[in-house]
Amino acid sequence: GVDYRLSPQAGLFLGVHKGFSPPGPGSDDRARPEESVNFEAGFRYRGNGAGARWTAFWNDYDNLLGRDTLSAGGQGEGDLFNGGEVEVRGIEASFDLDPGLRGSWGIRLPLRLSYTYTEAQFRSSFTSDFGPWQPFVDAGDELPYLPEHQGWASAGVAGERWDAHLSLTYVGAMRTRAGSGAIPEGEGTDARLVVDLSAGVELHPRWRLTLQARNLSDEVYVAARRPAGARPGLPRTFIAGLTWNL
């Protein structure tokens, strides 16, 4: 890894990582180790109550492993399946700002924003008994359960003993089976924008009350299709909690 400072607040970074994960004892003799070379490069800034980070990444797999689990619609036996060569690339960007730190208002106003764009493709063709890859994969097919677009934004207000935050999470549609082109009917999840609200107050130096409203707009969407068909996302949910610090 290399980190170069352009100024006390800003810098560039570059990293290369060699990944290796053996199948483990008891695995099928046909399962090969998962190996990859991962690259990242980017820019970061922090100062004057604001921060920003931009990263480009490229993950080059010689072999990607899939595992048979109940959540993936399998038998839960943990068998491993070779996925061959895979290439994952994309960008990540994040930004945060707190105008309250620059003024003398006595409160903080944290604002945060992040976005990730990802492309992931198989680079080899093969047949497979692994559910998300069945019955075969063609070179150029996209990986399942990996959204192309993801985003998150949050705005908050905080005093000395209390805080409140409103956040929005966006996840694009994902294919649930390897393939290319438009996602076939019944083989994908829904794009969704979920709104969450949270608040907390310190009742005592050792006691803190927290309140959460998840999926405030009660967005209805298909979050997955394994196991056993379409799986809904979390409906509107309210949570209250009390924390005691020793």
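By convention here, the first residue in the shown sequence is residue 1.
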Answer yes when [X] and [Y] have at least one side-chain N-carboxylate O distance shorter than 4.0 Å, and no when they do not.
X: Arg225; Y: Glu187; result: no
X: Glu219; Y: Arg192; result: no
X: Glu35; Y: Lys18; result: yes
X: Arg123; Y: Glu85; result: no

List the atom pairs, donor and acceptor, that lie under 3.5 Å between side-chain atoms in residues 236-246 and the rest of the protein, sequence neighbours left out.
from: Arg236; atom 1: NE; to: Leu216; atom 2: O; distance (Å): 2.9
from: Arg236; atom 1: NH2; to: Leu216; atom 2: O; distance (Å): 3.3
from: Thr237; atom 1: OG1; to: Pro235; atom 2: O; distance (Å): 2.8

For this session: Would you please test Glu119 and Arg89 for salt bridge (Lys or Arg N to Asp or Glu O under 4.0 Å) and show each step?
Result: CA-CA 5 Å; Glu119 288 184 353; Arg89 57 185 178 272; 3.0 Å; yes
For this session: Evaluate the ring pair (Phe, Tyr, Trp, His ring centres under 6.0 Å) criterion for residues Phe39 and Trp58: first the C-alpha distance (whole Å), next the side-chain angles of each, then the deciding distance (0.1 Å), finally the verdict.
Result: CA-CA 5 Å; Phe39 305 87; Trp58 175 39; 5.1 Å; yes
Exercise. Considering all heavy atoms of both residues, which atom of Ala139 and which atom of Ser125 are nearest to each other, and what is their separation?
Worked result: N-OG, 2.9 Å
Considering only distance and modelled atom types, tabulate donor-acceptor pairs under 3.5 Å from the side chains of residues 3-11, sequence neighbours left out.
from: Asp3; atom 1: OD2; to: Arg44; atom 2: NH1; distance (Å): 2.9
from: Ser7; atom 1: OG; to: Gln9; atom 2: N; distance (Å): 3.3
from: Ser7; atom 1: OG; to: Ala10; atom 2: N; distance (Å): 3.1

Donor-acceptor contacts under 3.5 Å from residues 106-115 side chains, at least two apart:
from: Arg108; atom 1: NE; to: Asp98; atom 2: OD2; distance (Å): 2.9
from: Arg108; atom 1: NH2; to: Asp98; atom 2: OD2; distance (Å): 3.3
from: Tyr115; atom 1: OH; to: His149; atom 2: ND1; distance (Å): 2.6

Exercise. Does a donor on one side chain sit under 3.5 Å from an acceptor on the other, for Glu148 and Tyr117?
Worked result: yes
Exercise. Sub-3.5 Å donor-acceptor pair from the side chain of Asn215 to the main-chain atoms of Val194, do we have one?
Worked result: no
Problem set entry | Stepwise salt bridge (Lys or Arg N to Asp or Glu O under 4.0 Å) check, Asp141 with Arg175 | CA-CA 11 Å; Asp141 281 352; Arg175 61 177 68 250; over 6 Å; no
For this session: Would you please classify the geometry between the Trp133 ring and the Phe126 ring as parallel, tilted or perpendicular, with 30° and 60° separating the classes?
Result: perpendicular
